[in-house]
Every structure is written in C-alpha cells, then in structure tokens.
Amino acid sequence: MKGLNIAVCIKPVPDPAYYDKISVDPKTKRLQRAGAPAMLNELDRYAVIRAAELKQQHGGSITLFSMAPDDSRETLLEAAAYGADAIVLLSDRKFAGADTLATAYTLSEAIAARGPYDLILTGNESSDGGTNQVSAQLGEWLQIPHVLHVRSIDYHQDHFVVSAASDHGVNTYEVTPPMLCGVTRQVAQKQYQTLRGIKYSTRIPYEILRAADLGADEDRIGDAGSPTKAGAIYEPPQQKEVRMLTGTADEIVEQLLLEIRKAGVLQEH
Amino acid sequence: MFEFFSEEQKLVRKTIHAFVEDTIAPFAKQWDEQDTCPQELWPKMAALGMIGSFIPESEGGVGFGLTERTIMIEEIARHSAGLAIAFMTNDITIAIIQDFASQELKDLYLPALLKGEKIGSFAVTEWTGGSDFSNQSSTITARDDHYLVSGQKCFVTNARFADFAIITGVEGTEANGRNIISAVLVPAEDEGFTWGRVEHKIGMKSSTTGDLIMKEIRIPSWYAMGPAGSGARVALQTIGRYGRSAMTAIAVGILRGCYEESISFAKQRIIYGKPLSRLYTAQSIIAQNRAEYEASHAMLYNAVSLQGHDRKYLPRISSAKLFCAEAAVRAAKRSMDMMGSYGLLDEYPIGRYLRDALAVIPSGGTSHIMSIVAARDALS
Amino acid sequence: MQQQETQKYSGILVYGSHNDEGPSEGMLELLGEAGRLQRQMDRPCRVHALLIGDDVQRFAPELGWNGADEVICIEGEAYRDYRPDLYIDALEAAIEQVKPEIALILATVQGSEMASSAAVRLRTGLAAHCVELRFDQDAYVQVVPAFAGKILGDIYCPDTRPQMATIKKGMFERAEVDSRRTCRVRMLEVVNSRAFDPIRLISSVRDQKTEDVDIGSAEVVIGGGLGIGSKEHWEQLEQLASLFHGAVGCTRPALDQGWTEREDSMIGTSGAVIHPALYMSIGISGAAHHTCGIKDPKLHIAINRDPHAAIFATADIGVAEEWDTILPLLIDRLAQRKEA
C-alpha cells in the first residue's frame, strides 16, 4: 500500500490567555493586541496529532499548510514536531485582508499545487475568529467531500470512516478519498511533542510560497478576493457594576436568597 | 537571561514547560508533603525522550546536548526541585553506563533506562564525606570472573526504589600506597544488597535519599565501569559534566519560582487599599529577584555552552553553581520577607522553595568546594 | 471579486433546524429578526423560510405564524438524516431560486457547514455568528464577534448577494405568534448534480437529551468551572439546578476534566448561548471564551474565591468566598422552602 498523503491546515492565533489585554485604541480605532504571543490554534493540534497517528498506522506523509505572517516559523515547527514531513507557509502582503472565502481559496490553490492528498485535516474552527467557516469552504474550493465537527476518523483499505456531530446527535459516514475533515478535540488524545519530533521539525523542508509562486487568480486573494469588508471595530459595551456580598456564610446566603427572589425565579408557595 | 538558544532549544523549553505545567506543577506540593518521589512519571518522561536525552539516536536516545538537558531540568525544578534531582541522578547513571560500561552491560540496562522502566542511583558518598574521595571504605574485590562488593554508602539519591546502584569502592592499593578506586554496577535485586535508613530532609523532599548497605554482593566482572582505577574519572567527570550543571539548573529553576511567585503575590495582595506591587519595597524585592534570576540564567547557559571544553567549562560551571545556589536561597528568603506572615504558610510555595534552595548547596559540591575550584582556576 | 447585479436580489431567506415536533426555537428567533429587518426596509421585502427534511411541509403553518411570508420545502426520504452534500445542494438551490438579498442561517453544526459551503458556490460573503444586524442608511451591517466576543466588528458585503450571516441560537427574539397569518408554500425539487457521490451515511444516532432541560432556553442556569474541583462536587451543582428546575452548564476546562459528559452544556465559544433569568457561575474565572455565551441574564451571581477573578466584571452580585462554604447552605435553605 502506498500510505496516506495527508495535508493539515494550521493557524497561529493569539494566546487566548491574553484576550483580556486585547482592546481597540479609542483614537486610531485599530486593534491593540498588547503583545499577545502567537500559539498553535488548539483544535489544529488535535488535527496534527490524529494525522501523525494515521501516518503511523498506514504509512504516508504529512504536509502542513498555513497562511500566516513570515514570523510564524516557531508555531509551525511546534505543530510539525508531532510528525510532519514538510511545511508550506503561505505568506504575502497580497493575502492581507482575506476573509474566509479568500483564505480558503488561497489554501486550496497551494494544496492543489502540492497535492494530491488523500486526506485534508483542519481544526474545526480557530479560537480567534471562530467563524467555523474555512474548513467547509476549503473543501468546496477543492471540490472534495467534507465533513465538519469530526469526532473520529479511521481509514479502512480504500475509504475513511468518519463520525461527526450533527444537530441531533452523531452521524457516521463512509467516504472515499480524497476528503476533508474539520476536527474537534474528540479526534485524538492530547499529547506532547516528543523531543525527537522537535529535532526533526527543524530539519524538514520549509517552503514559503508567495502569491506569485501560487499563480493564483489575483481577484480571488486578499482584500480583492473578499466579498465581505470590515468596517468599524469596537469593544462591546458592558462592565456591569458588581455588588460584592460580605459577611458570614449564613449572612451571604440570606442576601443571595433575597436577590434570587427579586429575580422572580423562585416558585412561591 | 541567556538569549542565544537555537530554534530547537526554544521548542524543547516550550514543550517541557507545557508538560511540567500539566503533570508536575499541580502535584509538587503534595509530593513534598508526603516526602515521596513520583516514580510513576518515569515512563511519561521517557515517552517524550527526556530521559537520557544525550544518548545518540542510533542507541535509542535523542542525541541532544547538555544545553537541552539543562533546559529540561530548569523547567522541572521551576515547580519541583526534588523531582529534578531524582531525574538528574538517574541521568547520571545513564551517562556513566554510556561512557564506561561494557557493551553487554549497556545492552542489558540502557534500553530499559531509556524507556523509564528502570531507575538508577549513584552511590559515592560515605560517612567520611563526599569530597574526601580517595578515602573510601567500600571494597570491590576482584575474583576470577567476578567481584565481591561490600561497604556502606550514604546520601544515595533514588534510594529504596532504584533498580541498581553504580558505586565506587577500593579495588586495591597502588605501589605508593594510594587507594585504587573503581566503579561497578550492583543490581538491587542481588543478594547482599539492602537499602538502609531513609533520610528525612528539610528540602528536595520529592526525591528519596538514604543509605545503601552491601554485603559481599557477587557481580560478574563485566559489570565494571572501565578498567580498575576508573572510579575517580567515573565519579568526578560525570558529576562535573552532568551533575554540577544540573544542580545549577535546579537553583535557576528555584530562582525563577521565587521571581514569578513574588510577582503574582505582589499583584494579588491588597495592602493599605492597593496592591502590594505599588509599594516601592515590594518593587525593590522583585527587581532583585529578577536581577539574580537573569544573571544566574545567563551564567548557567553560558557555562553549559562550553561543554566539551572541560578546562574552560569546569571553573565556569563551578562559579555558576556557587552564585546560583546562594542566589536561590537569598531570593527565597527575600520573597518570604515581602510576603510577611503569608510567607510562612504552606498554602504558598515560597517556603518549599527556600527549603529546596538550601538543599541545593551541599548537592553536587558545596559552595566552599565550588569556591576552591573557581579560585584555583583564577589563580593558576 | 466579480460584481453581481445586486438589484436582482430581494427578500430575506431564513434557514434553521427542526426536529420531529417542529421548527427549532432558533429558527423562530431568526424569523423574528427577519421581520424586524423587513420593517426597516423601504422597499418590498418578503421573508422566505426554508425547510429541508423528510415530511416537513407540515411545519409550514407554524413558520407563517412566526413571520414567514413564504415557506420553501425541500422534501424527501434522502433528507431524513443530515448528509452535508445533499443539504448544501438544497440550500444552494433554494438561494438560486429565491435570490434573496439577505440570508440568515442558524449557526448549528449543520447550518454553519451549509452556509459556508453555499457561500463558496455562490461566491458571496458570509458573516459568522452575528450578534446584531441593522441598516446603516442603506448599507446592511452585520456585527460579528472576534476574540471570543472581546471585540465586535461591523461587516459589510457591498458587491455580492445574498449577504449571508450565521446566527447562534439565543441571539434574537422571536416575534409574537400570530396564528391568523398564512403563508404560501412552495415545493422545490433539487437535482443533486454536485452531490459528492463518495459520502455514504452509515449510521445516525440521536442524542437522548429530551428529558433534560435545554440549557439555551433554561430560566435558571448553574454554571460550573475548574474551581469546582471534582466530579463528586459537581453533583452539588446538579442538586442546586434541580431545585430551580434549571440546567447545569459548564466551561471548557470543566468539560475537559470529565466532571460532566454533557458537551452540549458548555457555555460560550463553540458552545451554547444562554439567556436565563438567573445565572449562577460557580468556580468560573470568567475567560472571554465563557462569558461571551452569557447573554443578558436578569441576574448573574458569581461565586469565586479570587476577588480579582474576571467573572465579577460581568456579574451583578459577587461572592468572593470558597464556593463550598456557600453552596451547601444555599441548597439547604432552598430545599427547606420546597418542603415548607
């Protein structure tokens, strides 16, 4: 058997632990990330781990694709350390301003150029934008079957067996390759990279593709290729004034009961 | 701070950091309270390749250098200095086997050690003291195809649960009357091998320390570490290379703990209606913690980068150990001062850091011995 | 981006899920929002509701009472269980047929996938998980969250139609039911020319969660986080919730700890949006990923031992104590009231 050729799409995202520090500058109206460090999108980690397990079982190769700035190498290596064989970074100013449609298009061009792949894995969504759109859109641009919210994926001889959440429960599908899966945490056990994997990650081919290298349709990449346009950004108005209760436990509970009663959720007898 | 880590080394730090946060940090307090070493972590650490990481890939290791190992030990020691010393002692036995054991003995022990299925201990010190090396009373008596090993060792790290000990002892005397010191491996399951008393230390409580009693243990002659008289090289070379850097890394890990804990306490504690961190006295303590941590970190990794050049490396790492170990004690004490009465509470880790820092000083060469090495080099 | 003749598009298409009993609450909420948009427009605009499934025509009247002017039904046995390929074709076909200028799609597992895919086929824009929709002069503005709701952004889709949006359940309010309203029903046949042959559905398991209170519509929600500490302690939350006939929700870390198996009870990003009268968050630090799922509770009581926990910034009443000194007492007091 020739093994599985797997492409995994990954994304460096700002560390969610720093979200408290993200704000909109009141003067410039631009986003201030306050030095939030980049990290591998959490669900992408599970995608890479599952890819490595499938490669272990069936042989083959893993190529990572990411549309990200040039300085993303460390995050990409972190993902590669799980067992990737090659990394392709898509980086160009011309990609800037891409919405999910243009992002998915750009990734699809690179994957088509470096493929064919039997399986394309993505995290089901990213923690920063969280649109939950790019996976399906990538599958559409590639014109291959795609299943999202995937909880398990196995390969049997000539087809994948994929379990995925539906609106009502869990559906299981058989799919002939090539296909795309947007994966959830259930798809693999969380693991740490091995030190040997780290060592290899720095030695595998690392390719940076620019817009020109892709030969992509310029009307479909970056801002030009994005039907949605971003307007103003702002912080949601909130910050309630909290009233802290103090006293002995009994006194606190007494006050809580009073508040709960005022909220009208106690059925009066 | 040392800022010249390679890409690989940065990734090692990040990964081990995550492992330590998940697997060690939440339990470190409990191990300390129970005075117990978490042996169950060995297979987990081995699965990542942490154990014996310096063994070449062709022989089942990762083929990393001393810097990567030092990074790992600092990360472990950030939350559990005791586990770090148990880890590093096991690593030392792996290094000795790799450098001095016969091929048969390597084949017998290295694979299991690298999988975390076996744990080693290293027994040099006797009641006469660790630095009085040639004056040992343990004996290694050569017979036709075997040795008989007898004697008593103390302050043996990983006592009670180690699967074997590498020990030093007297194999005879030279013409000039000096002892010939050799080193051999003795399996814990052999007849005549018994663990003696267990010490209850004030610090590094997540490691076990105790006595080893040997009564005419019979081992095959291929259990020797190098030819007769290799004992000094086995002990001093390995402690110099793998032990001293590790103890310094432990001190740096404790320093980082003090630095980070002092920041988090100062931000959370409200005093006179505002966070403690607004007060100059707290800021001054944090600044001193930072300065000593950054200086220690730079000294450690700078020295470690000289590995393979023993003449340059040994005096540097000795100065580093002298400085970092003392700095760790100062930082822990200083941070306790800043915390007031809270510093005395077990809820905060700072008291444990102070106890651990104190325990760094005698391990792998006391501050006095380190001073002698550093001064001798400076004056030569 | 190729420009379309945008003036050829008019009306609003609404798609949401349904179960065997009828359209989902979320679908009705979207109809309510579609009605509000309809009233803001200065041109004729019809609200079209889309049903995809087996024997779904029977739900059409209810959609009419809730604001649909027309219901489009795509029916057949093939649609009984979700298959991405068939459902995407169906949504695409409905949009091609109706040519709406706006499409609102409920952001369920299926809805998100269908909307994303259809947007590629139609080469148009899709705004994810909108929290507000409005007209700004003539421009249609879709407000989307980023960084777990820490930041909101206005999204425009000036050149292509339809202007598509996904919306989570619980975001908008449904309209008053008007059972005198009638609506047209249009049956639509779909030719699955683009269906992906290689997808075969081999099983479809439905969750057994009907007896439990749905967290999205619960009046009282008790939320637990990492501070709860263990699975045994978690039972106290269940106990408290049952005293209110409420639901228990959780954060991602608590779910990861395995204290609850109910993935559907996770509140926040990639989880549920709740809008209860009373929300009690217990042992929850208040990361944005959680708090973005709490929408306008009448009363939010937060209990967390850390007085600086971020959760207090979103709460009305705060208790900075160990939760287990408060909760058992509160449960006792409430239980006594019940018995009395």
Side-chain angles (χ1 to χ4, degrees), chain A residues 10 12-18 20-21 36-46 48-49 52-53 56 64 66 70-84 87 89 127 185 188-206 208 242 244 246, chain B residues 3 5-25 41-76 87 91 94 114-116 260 264 267-268 270 273:
Chain A
I10 60 173
V13 294
D15 186 341
Y18 288 75
D20 286 351
K21 293 182 178 142
M39 60 175 276
L40 180 62
N41 181 45
E42 193 57 14
L43 291 181
D44 301 352
R45 182 184 304 276
Y46 292 85
V48 185
I49 293 172
E53 290 168 354
Q56 188 112 48
L64 303 183
S66 187
D70 274 354
D71 63 6
S72 305
R73 182 171 156 95
E74 200 179 309
T75 308
L76 303 189
L77 293 184
E78 203 185 321
Y82 284 108
I87 300 172
L89 170 64
S127 57
R185 282 176 176 77
Q189 287 280 320
K190 190 176 175 179
Q191 292 168 16
Y192 306 98
Q193 300 91 330
T194 64
L195 299 185
R196 193 168 296 143
I198 288 172
K199 196 170 158 183
Y200 284 125
S201 73
T202 60
R203 292 159 204 205
I204 59 175
Y206 187 92
I208 300 182
V242 65
M244 300 301 286
T246 52
Chain B
E3 297 288 359
F5 293 112
S6 70
E7 230 168 23
E8 225 166 271
Q9 290 162 347
K10 285 180 194 161
L11 283 172
V12 169
R13 182 181 295 284
K14 202 166 178 180
T15 298
I16 303 304
H17 181 85
F19 173 77
V20 169
E21 287 295 326
D22 295 348
T23 322
I24 293 173
L41 283 189
W42 252 253
K44 290 186 186 175
M45 296 194 289
L48 298 196
M50 293 168 72
I51 292 177
S53 58
F54 43 84
I55 299 292
E57 267 191 80
S58 55
E59 292 168 59
V62 186
F64 270 162
L66 201 55
T67 301
E68 287 83 355
R69 175 173 178 271
T70 308
I71 289 171
M72 287 182 235
I73 293 173
E74 184 201 330
E75 287 302 322
I76 298 172
F87 172 89
D91 253 16
I94 295 173
L114 293 177
K115 281 188 203 133
E260 291 175 0
S264 102
K267 281 184 170 171
Q268 276 174 26
I270 305 290

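Below, chains carry the letters A, B, ... as their sequence lines are ordered, and counting in each starts from 1. Computed from heavy atoms alone, side chains included, the values below leave out hydrogens, waters and symmetry copies.
- Using a 3.5 Å distance cut-off with no hydrogens or angles, the side chains of B:E7 and A:T202 do not pair a donor with an acceptor.
- With hydrogens and angles ignored, the 3.5 Å screen pairs no side-chain donor or acceptor of A:R196 with any backbone N or O of B:G63.
- Residues passing the salt bridge (charged side-chain N to carboxylate O under 4.0 Å, His left out) test with B:E260, sequence neighbours excluded: B:R78, B:R256.
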Listing, residues 43-59 of chain B side-chain donor-acceptor contacts under 3.5 Å, not counting sequence neighbours, or none:
from  : atom 1 : to     : atom 2 : distance (Å)
B:E57 : OE1    : A:Y200 : OH     : 2.7
B:E57 : OE2    : A:K199 : NZ     : 3.0
B:E59 : OE1    : B:Q98  : NE2    : 3.2

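- Counting heavy atoms from C-beta outward, B:M72 and A:L195 have side chains that approach closer than 4.5 Å.
- A distance of 6.0 Å separates NZ in B:K10 from CD in A:E74, rounded to the nearest 0.5 Å.
- For the pair A:I198 and B:E8, the tightest heavy-atom approach, listed with the atom from each and the gap, is CG2-O, 3.7 Å.
- The nearest pair of heavy atoms linking A:K190 to B:D22 is NZ-OD2, 4.3 Å.
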